[in-house]
Amino acid sequence: MRNLRVGAAKRCINPTDAMMPYPSFNRDPYTAIFSDCNMRAIVIDNGVSLAAVLNFDLGGVPKPNLLKERIEAETGIPKEHIFMSATHN
């Protein structure tokens, strides 16, 4: 029997002060941050394969194909096993 291993992480992904004003999709550029934007990840290892579930506090996932390729190169998690979503209020 193989062991199931799961890990979770959360990272603040706010733009830096040097990036302000930050472009907006549909209104004037952002000049300040009201609340932190975070990226959360869960990685699952069943002893045979790895999978990752990522969520971004953004209006969309930034360059998802490039991001999956980079994650695969740096972690060995196949890009077909990387699932991404974005939610922001």
Side-chain angles (χ1 to χ4, degrees):
M1 175 181 259
R2 294 185 170 92
N3 291 329
L4 179 67
R5 300 184 314 159
V6 179
K10 175 179 151 182
R11 171 80 49 130
C12 180
I13 57 172
N14 291 345
T16 64
D17 289 340
M19 296 170 76
M20 293 296 183
Y22 196 77
S24 171
F25 294 109
N26 58 3
R27 56 181 173 187
D28 293 334
Y30 299 106
T31 57
I33 296 169
F34 177 72
S35 63
D36 286 340
C37 293
N38 294 291
M39 192 282 286
R40 292 170 176 83
I42 297 173
V43 176
I44 304 162
D45 177 0
N46 68 0
V48 176
S49 61
L50 295 167
V53 180
L54 311 175
N55 178 261
F56 298 83
D57 285 341
L58 299 171
V61 177
K63 300 181 181 178
N65 293 333
L66 291 175
L67 190 53
K68 285 183 177 188
E69 289 175 9
R70 182 173 176 184
I71 292 168
E72 180 178 44
E74 292 185 16
T75 67
I77 301 171
K79 61 186 173 187
E80 297 82 10
H81 296 185
I82 300 170
F83 306 93
M84 300 183 184
S85 66
T87 54
H88 190 61
N89 56 7

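Distance alone, capped at 3.5 Å, is enough to place a donor-acceptor pair between the Lys68 side chain and the Ile82 backbone. Between the side chain of Asp57 and the backbone N or O of Cys37, no donor-acceptor pair lies under 3.5 Å.
Between Pro29 and Pro21, the shortest heavy-atom contact is CB-CB, 3.8 Å. A pairwise comparison of heavy atoms in His81 and Ser49 identifies CE1-CB, 4.0 Å as the closest pair. Here the shortest heavy-atom pairing between Leu50 and Pro78 reads O-CD, 4.0 Å.
Follow the hydrophobic side-chain contacts under 4.5 Å out from Phe56 and you never reach Val53; the two are in separate clusters. Grouping the Ile, Leu, Val, Met, Phe, Trp and Tyr side chains by contacts below 4.5 angstrom, directly or via other members, places Leu67 with Val43. One hydrophobic cluster, built from ILVMFWY side chains closer than 4.5 Å, cannot hold both Met39 and Ile44; they sit in different ones. Val61 and Leu66 are not part of a single hydrophobic cluster, where members link through side-chain heavy atoms under 4.5 Å apart. Leu4 and Ile42 fall within a single hydrophobic cluster, where Ile, Leu, Val, Met, Phe, Trp and Tyr are joined by side-chain heavy atoms under 4.5 Å apart, directly or via other members.
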Would you please test Asp36 and Lys10 for side-chain contact (heavy atoms from CB on, under 4.5 Å) and show each step?
CA-CA 11 Å; Asp36 286 340; Lys10 175 179 151 182; over 6 Å; no
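For Arg40, the CZ atom is densely surrounded, since the number of other residues' heavy atoms within 6.0 Å is greater than 12.
Atoms CD1 and CD1, on Ile71 and Ile77 in that order, are 7.5 Å from each other to the nearest 0.5 Å. To the nearest 0.5 Å, atoms CD (Glu80) and CD (Glu72) are separated by 6.5 Å.
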